[in-house]
Structure formats: C-alpha cells, structure tokens
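Inspection log for the structure reproduced underneath, given as structure tokens.
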Amino acid sequence: MYEHIVVFRFNENITAEKEQDLLNQLKAFKGRIPGIVELTAGINTTGEIEAKQGYTLGLRITFEDKQALDNYLPHPIHQEFISSLNGIIDNVVVMDYEI
C-alpha cells in the first residue's frame, strides 16, 4: 500500500466557505476514485501556531498499491480539484511513501 499526504496553504483570496467546499471535494474522492483504501481530510486545528506555517487543510489517502496512486494523479476528479485551486493556493506539500 501507499500513503499520500498533502497539506495546503492558501492565499488571502480564500474564504472559509471555499475552504469547506475544498474539504468536501477531498472527502468525496473515496468511492469515486478507484484504489483508495482509506481517506481522511480536515482543517488544521493545531495550537502550534509557529509550526503551522499557514497550512490550513490536510489530506491523507491510503492507496491499494503504487499503481492506484499513479492512476489517481491524472484522474479527472483529482484534476478537477486541482483546477479549483487556481487563484487561491499559495503552496502545497506532498509526500508519498510505501507502507
């Protein structure tokens, strides 16, 4: 299996409503994108303000295997989500590893 972890930092153009919409989009990946075993996503609630570095939305997906992860990247639902970040994303950090 493979773990896919993503954290998002948005610019000042994002609203709380838009961030909630993005969270809902992420949560809807499971059942719509093949190969997802488990998915969690949420708004960052850490009290470690300095460590937060402005990252407010997190995603963790467990995939069946490397092929499922590779198939996810160009999947139309994932690409639609990426397109919805235009104009509001400041930075994103991604980490993938085998488990």
Side-chain angles (χ1 to χ4, degrees):
M1 289 194 287
Y2 272 79
E3 201 80 342
H4 177 68
I5 297 173
V6 185
V7 291
F8 302 89
R9 182 173 63 209
F10 300 104
N11 62 34
E12 66 279 351
N13 295 327
I14 192 159
T15 64
E17 294 79 20
K18 179 62 175 177
E19 191 168 33
Q20 185 62 50
D21 176 58
L22 294 172
L23 175 60
N24 294 339
Q25 285 183 57
L26 291 173
K27 288 181 174 181
F29 284 3
K30 189 170 182 188
R32 297 179 66 210
I33 298 177
I36 294 176
V37 175
E38 186 177 343
L39 181 149
T40 60
I43 304 296
N44 190 351
T45 61
T46 187
E48 299 180 51
I49 302 303
E50 293 166 5
K52 186 176 179 176
Q53 297 183 31
Y55 290 91
T56 59
L57 183 62
L59 170 68
R60 184 191 58 77
I61 302 175
T62 304
F63 287 97
E64 293 174 347
D65 53 27
K66 179 75 163 81
Q67 187 61 56
L69 172 61
D70 291 345
N71 292 343
Y72 160 80
L73 299 174
H75 193 282
I77 293 171
H78 179 241
Q79 290 302 309
E80 180 181 333
F81 174 80
I82 290 172
S83 293
S84 69
L85 299 175
N86 287 337
I88 59 170
I89 194 77
D90 184 35
N91 197 28
V92 63
V93 176
V94 178
M95 178 179 273
D96 298 327
Y97 55 87
E98 187 173 10
I99 57 173

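We use all heavy atoms of the structure for the numbers below, so side chains are in, but hydrogens, waters and symmetry mates are not.
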- Query: How far apart are the C-alpha atoms of Thr15 and Glu19, what are their side-chain angles, what is the distance that settles it, and do they pass the side-chain contact (heavy atoms from CB on, under 4.5 Å) test?
  - Reply: CA-CA 6 Å; Thr15 64; Glu19 191 168 33; over 6 Å; no
Do [X] and [Y] share a hydrophobic cluster, counting only Ile, Leu, Val, Met, Phe, Trp and Tyr and linking them when any side-chain heavy atoms are less than 4.5 Å apart?
X	Y	value
Ile99	Ile61	no
Val92	Ile43	yes
Ile33	Leu85	yes
Leu69	Val6	yes
Met1	Val94	no

- Hey, what's the ring geometry for Tyr72 with His78, parallel, tilted or perpendicular (30° and 60° as the breaks)?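 Rings of Tyr72 and His78: tilted, as their planes differ by 30° to 60°.
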- Message: Classify the ring geometry of Phe63 against His4: parallel below 30°, tilted from 30° to 60°, perpendicular beyond 60°.
- Response: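 The arrangement is perpendicular - the two ring planes meet at more than 60°.
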- Message: For Lys18 and Leu22: C-alpha separation, side-chain torsions, deciding distance, then whether side-chain contact (heavy atoms from CB on, under 4.5 Å) applies.
- Response: CA-CA 6 Å; Lys18 179 62 175 177; Leu22 294 172; 4.1 Å; yes
- Query: Run the side-chain contact (heavy atoms from CB on, under 4.5 Å) check on Ile89 and Asn11 step by step: do they pass?
  - Reply: CA-CA 6 Å; Ile89 194 77; Asn11 62 34; over 6 Å; no
- Hey, does Asp90 have a side-chain heavy atom less than 4.5 Å from the side chain of Phe10?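 The answer is no; the side chains never approach within 4.5 Å.
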- Message: Within the structure provided, determine whether Gln79 and Phe81 are in side-chain contact (heavy-atom separation under 4.5 Å).
- Response: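 Not in contact.
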Where the side chain of [X] meets the backbone of [Y], is there a donor-acceptor pair that is under 3.5 Å apart?
X	Y	value
Lys52	Thr46	no
Glu64	Pro34	no
Asn13	Gly87	yes
Asn44	Tyr55	yes

Please name the pair of heavy atoms, one in [X] and one in [Y], separated by the smallest distance, quoted to 0.1 Å.
X	Y	answer
Ala68	Gly35	CB-CA, 3.8 Å
Leu26	Leu59	CD2-CD2, 3.9 Å
Ala41	Lys27	O-CE, 3.4 Å

Straight-line distance of [X] [atom1] to [Y] [atom2], nearest 0.5 Å:
X	Y	atom1	atom2	value
Glu3	Glu98	CD	CD	11.5 Å
Asn71	Ile36	CG	CD1	11.0 Å
Arg9	Ile88	CZ	CD1	14.0 Å

- Do Glu38 and Arg60 pass the salt bridge (charged side-chain N to carboxylate O under 4.0 Å, His left out) test, and can you show the C-alpha distance, the side-chain angles, and the key distance before you say yes or no? CA-CA 8 Å; Glu38 186 177 343; Arg60 184 191 58 77; 2.9 Å; yes
